[in-house]
**Student:** 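Got a structure for you, written out below as structure tokens; questions coming shortly.
Each chain gets a letter, A, B and so on, in the order the sequences are listed, and its residues count up from 1.
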Amino acid sequence: MSRDLPTAYDPTAIEDRWAEYWVSEELFHQPSPTTLPQVPVFTTLLPPPNVTGRLHMGHMLNQTEMDIITRWHRMRGSLALWVPGTDHAGIATQMMVERQLEAEGKTRQDVGREAFIERVWQWKKHYGGAILEQMKRLGTSVDWSREYFTMDAGLSAAVREAFVRLYEQGLIYRGAYIVNWCPRCQTAISDLEVVHEEQQGKLWEIRYPIVGESGYVTVATTRPETMLGDVAVAVHPDDERYLNVHGKMLRLPLTDREIPVITDPWVSRDFGTGAVKVTPAHDANDFALGQRHHLQPINVMDDTAHMNAAAGPYAGLDRFVARKRIVEDLDEQRLLAGVRDHVNSIGKCDRCKTIVEPRLSTQWFIKIQPLADKAIAAVEEGYIRFTPEQYAKTYFEWMRNIHDWCISRQLWWGHRIPAWHCRHCRHITVARETPEACEKCGHSELEQETDVLDTWFSSGLLPFSVFGWRGGGPSARTPDLDAFYPTQLLVTGFDILFFWVARMIMLGCHFMLDVPMPDGSQRTLKDAVPFREVYIHALVRDADRQKMSKTKGNVIDPIEIVRRFGTDAVRFTLAAMASPGTDIAFSEERTGGYRAFANKIWNAARFLFMQLDRAAKAGIVVTPADFSGEPEITADAPLESRWIVSRIKSTAAQLDEELSEYRFHEAANLIYQFFWGDFCDWYLEIIKLRLDFGSPSESTRAALTTLVSVFEAALRLLSPFMPFLTEEIWHALYGGVPPEKSIALAKFPAGEMHADDLAEIDMRVLQELIGTVRTLRKDLGIEEKVAVPMQLSRYSIPADCLSFVRRLARISEVIPVDSLTEGASSRSTFNFDVAVVYERKIDVAAERERLVKELTRFEKEASNAERQLANHSFLAKAPSTVVEGLRRRAGELSMLIPKTRAALDSLGPQK
RNA sequence: GGGCGGUUAGCUCAGCUGGUUAGAGCGCCUGCCUUACAAGCAGGAAGUCGGGGGUUCGAGUCCCUCACUGCCCACCA
């Protein structure tokens, strides 16, 4: 570790090294406690990426935010545990391997279930979890020793247990209902996995002849092919148009079947023709209707959405081919009454975008209402807090209109449902372990259910299954559950609010309620929740606010961008733009700006190391004992030292506040302004003059100590945001032997508001003075190198600040005066009048324009203030701080206005 | 059909429970290679806070309304 740093910061040179170090040193490993932790515990779960996943910007945002929060908690003395893992991602992973097989000209059926699953495991071993390797590169401070996979033996046992318990509690049932069927994936999918798209479609009107008389009932449909499965036509009982056909039979066109006309108030009279075909096997409403009227459903399609034998002559045709043929045939028979354009919303499979077929199918469901009730209560009672708050509304909205959850999937990759069908009596035995015999008839010929569970079933259990939950009741307790459950925070995107967040809440509240508390007492809903807070982050879009998508080709690869700008810069960019509830328009320019910030920090370190070297040569040795810990300052220290210490303390305090509300952008801005604005632009410039190594004294030594200790604290402040850069410099600062193995294990600087208000006020006036003189010089066209004398009235510069004021404002000499010399180029503020002595004439026109503008602004403000201060309601109702503030400002204005006017007058009459 | 957001400087966005003079980055203009940093330093210009109405002592902030815009949810064929 050298203090001999190159001029420009090169992140690639150091990041890999530290990423590796953090992992190999197991810095963030948090073992299972043997006794309950005596410090605050901060637990969080990484939303498990799919094993098939590649890191995208959304992951990086999520991890940056989680990492900032976790590192911050850890540095503030919490026992911080962040658990990583991956999800087996049923459909997604199965598709990857199927595609691989396809390349070999095979299907999964060709290789068979067992061999296929073996193949998926092989795939997982080779390619899976690449995303976690990418994560390591980002410096995420997770506990790698706890990395899980949702198909691990332990987590699978938890899944089985959870399933069986729900079944025993009567909350899981199996039955034939309309489900969303993806003909390509050949599985049922849940409501959430269907994405609806508005599409321009058609509404066909078809005539169903009345049996035994002339005439028709005309029905309207968007899916004519399903008519082959019609079992009735329904009309509203009060619809006068159809009173005469109640109870009559209709001939179903293209078939030889006859179907009844039924009446049901559900039918809406003003849609289409007011008569609706009833197809219970292919439509959810029709299914309900069919049940009410005891109609036998007829399924006319197979698993691939081709027409089946029940479709007669159309058997074997794809559903859309069949649609076309049926419409043609109807037209030919003059049974097509009309075709209209119709916009309808069409459901597609979330995975493969195939149009979903609502289809009658036997599946497993969770009776969700009892779970949802608890989940609603948990949020209503405030046991779980959402940030931004508005997501609680979305959550309630969904939870209150919830439908039973179809949890079975006709896939091979996943947790196989622990149910066994008896070959003899058809009874289903649900059990934790493979049963020897049918629990009903005792026969031993059993066949395990072939369906697997929805991926989200297992991920919904994670907040407790990762901590060893393998069953309910008192025996469920584990040291990890005692110590780490409930977790504190979940950070995730709104896209999985229902898929995952809502399910975790439902399952957590359900399963953890009967697990006793660490002290053995009964757990209540408050502590059954899987997490206390949910932070929902925004979407990362491209610089033009477009959603990133492969088809648009505007996907920003985080690894690529990290390679170009450095991880710290990208992390900082994401943090600085992560305002809760607002999408992030990720731009490279912005990232470039924060790379510059990293470079700034780097160079500040270089400067500091140079000073330390010069000091050493002059015989001043500063050791870690002098600068580790919180920066301390004595009352007699020079202003800039007292000021910068006050600044860092209040920055730390504000940072704590912002981070506790997940206002990452405010936190990032605070630290940016502190480091660049306060520390570099002002403090370092001043310290250059303070450090006189020519004739070293105790004050030089004291100034140097403050410099180093503030810098050291600033590194700690920055480290949750920029872990690599700060780690590197921190180690260098300690000459390779830091007090902790990592800055991540050091203490976060203690915050304090108003640490030294006096110093801050004094400094502000000096900054104002220097700024005013700089502006004045510029307006007068004085070259930068030329030092000029300055007249100053109504203010005197503190003796020990004189030298830096002169240097920073390029003043050769400060001449205190009672009033400024007539005709001098001057400026006035509330605190002082200042003028520079310089022969060159001011640009009168420009100066006049500036003064007029300023005067107008002042006068307007003054009249507003005056009016307010004369207002009794204002004086009575406004808080005293506001009134006082306005009075002070009015006082300033009453001083500034005459001065500005005088300055304007001194320019002479306008030409 | 229901619900939730957004509209602030040329651009991208902050502005937290209403409170003194609305901020930042980038861009732009001017001047500087001042031995930490040109990925830098100093200075500057630039906003009727989408339109209209209301509440209030006080509104970018709260309410109503209009316009434009984005997202989520949904079993009307």
**Student:** If you only use heavy atoms from C-beta on, which nucleotide in B:rA36, B:rG15, B:rC16 is closest to the side chain of A:Lys688?
**Tutor:**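 The answer is B:rA36, which lies nearest to the side chain.
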
**Student:** Can a salt bridge be assigned to the pair A:Arg400 and A:Glu397 using a cut-off of 4.0 Å between side-chain N and carboxylate O?
**Tutor:**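 A:Glu397 and A:Arg400: not salt-bridged.
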
**Student:** What is the nucleic acid contact for A:Glu658, judged by heavy atoms within less than 4.0 Å: base, sugar-phosphate only, or nothing?
**Tutor:** base

**Student:** Looking across every strand, which nucleic acid part, if any, lies under 4.0 Å from A:Arg888 by heavy atom: base, sugar-phosphate, or nothing?
**Tutor:** base

**Student:** Looking at A:Val235, is its backbone amide N or carbonyl O close enough to the side chain of A:Asp239 to form a donor-acceptor pair, meaning the two atoms are under 3.5 Å apart?
**Tutor:** no

**Student:** Which of parallel (below 30°), tilted (30 to 60°) and perpendicular (above 60°) describes A:Phe721 and A:Phe572?
**Tutor:**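 Tilted.
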
**Student:** Would you mind telling me which of B:rC32, B:rA74, B:rA39 lies closest to the side-chain atoms of A:Glu198?
**Tutor:** B:rA74

**Student:** Answer yes or no: does a side-chain N or O of A:Lys600 lie under 4.0 Å from OP1 or OP2 of B:rG40?
**Tutor:**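 The answer is no; no side-chain N or O of A:Lys600 sits under 4.0 Å from OP1 or OP2.
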
**Student:** Check whether any side-chain heavy atom of A:His282 lies under 4.5 Å from a side-chain heavy atom of A:Glu225, and answer yes or no.
**Tutor:** no

**Student:** Is there a donor-acceptor contact under 3.5 Å linking the side chains of A:Thr651 and A:Gln654?
**Tutor:** no

**Student:** Out of B:rC71, B:rU21, B:rA39, which nucleotide sits closest to the side chain of A:Phe494?
**Tutor:**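 From the listed options, B:rC71 comes nearest.
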
**Student:** I need the residues from residues 273-292 of chain A with at least one non-hydrogen atom less than 4.0 Å from RNA chain B; give them sorted by number, or say none.
**Tutor:**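 Close to the strand are A:Gly274, A:Val276, A:Asn285.
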
**Student:** Check whether any side-chain heavy atom of A:Phe365 lies under 4.5 Å from a side-chain heavy atom of A:Gln363, and answer yes or no.
**Tutor:** yes

**Student:** Just distance, no hydrogens or angles: give the donor-acceptor pairs under 3.5 Å from side chains in residues 866-879 of chain A, sequence neighbours left out.
**Tutor:**
| residue | atom | partner | partner atom | Å |
| --- | --- | --- | --- | --- |
| A:Arg867 | NH1 | A:Asn864 | OD1 | 3.4 |
| A:Asn871 | OD1 | A:Ser873 | N | 2.8 |
| A:Asn871 | OD1 | A:Phe874 | N | 3.2 |

**Student:** Anything under 3.5 Å between a protein N or O and an N or O of nucleotides 24-30 of chain B, put it in a table, one pair a line.
**Tutor:**
| residue | atom | partner | partner atom | Å |
| --- | --- | --- | --- | --- |
| B:rU30 | O2 | A:Lys778 | NZ | 2.6 |

**Student:** Could you verify whether a donor N or O on one side chain and an acceptor N or O on the other, from A:Arg764 and A:Gln767, lie under 3.5 Å apart?
**Tutor:**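 There is no such pair (donor and acceptor under 3.5 Å, judged by atom type) between the side chains of A:Arg764 and A:Gln767.
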
**Student:** How does protein contact run along nucleotides 57-64 of chain B, one letter per nucleotide 5' to 3', with B for base contact, S for sugar-phosphate only, - for none, heavy atoms under 4.0 Å?
**Tutor:** B-------

**Student:** With respect to the phosphate group of B:rC41, does any side-chain polar atom (N or O) of A:Trp682 fall under 4.0 Å of OP1 or OP2?
**Tutor:**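 For B:rC41, neither OP1 nor OP2 has a side-chain N or O of A:Trp682 closer than 4.0 Å.
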
**Student:** With distance as the sole test, does A:Glu666 use its side chain to make a donor-acceptor pair with the main-chain N or O of A:Arg663 at under 3.5 Å?
**Tutor:**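 Side chain of A:Glu666 to backbone of A:Arg663: no pair is present.
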
**Student:** Are side-chain N/O atoms of A:Glu768 and A:Asn831 paired as donor and acceptor at under 3.5 Å?
**Tutor:** yes

**Student:** Output yes when A:Arg595 and A:Glu588 qualify as a salt bridge under the 4.0 Å nitrogen-oxygen rule, no when they do not.
**Tutor:** no

**Student:** Between B:rG70 and B:rU8, how far is it from one P atom to the other, in whole Å?
**Tutor:** 15 Å

**Student:** Nucleotides 3-7 of chain B: which of its N/O atoms have a protein N/O under 3.5 Å away?
**Tutor:**
none

**Student:** Which side-chain N or O atoms in residues 849-856 of chain A pair as donor and acceptor under 3.5 Å with protein atoms at least two apart or in another chain?
**Tutor:**
| residue | atom | partner | partner atom | Å |
| --- | --- | --- | --- | --- |
| A:Arg850 | NE | A:Glu847 | OE1 | 3.3 |
| A:Arg850 | NH2 | A:Glu847 | OE2 | 2.9 |
| A:Thr856 | OG1 | A:Val852 | O | 2.6 |

**Student:** What contact category does A:Tyr9 fall into here, base, sugar-phosphate, or nothing, at under 4.0 angstrom with non-hydrogen atoms?
**Tutor:**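 Answer is base: heavy atoms of A:Tyr9 come under 4.0 Å of a base.
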
**Student:** For RNA chain B, whose closest nucleotide is more 5', that of A:Val882 or that of A:Leu192?
**Tutor:** A:Val882

**Student:** Heavy atoms under 4.0 Å, any strand shown: does A:Val219 hit a base, just sugar-phosphate, or nothing?
**Tutor:**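 No contact.
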
**Student:** Out of B:rA14, B:rA74, B:rU20, which has the shortest distance to the side chain of A:His665?
**Tutor:** B:rA14

**Student:** Could you tell me whether the side chains of A:Asp568 and A:Tyr594 share a donor-acceptor contact shorter than 3.5 Å?
**Tutor:** no

**Student:** Looking only at the aromatic ring of each residue, does the gap between the centers of A:Phe675 and A:Tyr683 stay below 6.0 angstrom?
**Tutor:** no

**Student:** Provide the distance between the two P atoms, one in B:rG47 and one in B:rA24, to the nearest whole Å.
**Tutor:** 15 Å

**Student:** On RNA chain B, compare the nucleotides closest to A:Ser268 and A:Pro11; which residue's is nearer the 5' end?
**Tutor:** A:Pro11

**Student:** Would you indicate which nucleotide in B:rA39, B:rG44, B:rC75 comes nearest to any side-chain atom of A:His196?
**Tutor:**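 Closest nucleotide among those given: B:rC75.
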
**Student:** With heavy atoms under 4.0 Å as the rule, sort A:Leu684 into base, sugar-phosphate or nothing.
**Tutor:** base

**Student:** A:His403 side chain: which of B:rC75, B:rC73, B:rA14 is closest?
**Tutor:** B:rC75

**Student:** Would you mind telling me which of B:rG19, B:rA39, B:rA77 lies closest to the side-chain atoms of A:Arg595?
**Tutor:**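 The listed nucleotide nearest to A:Arg595's side chain is B:rA39.
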
**Student:** Return the orientation label for the A:His342 and A:Phe271 ring planes: parallel under 30°, perpendicular over 60°, tilted otherwise.
**Tutor:** perpendicular

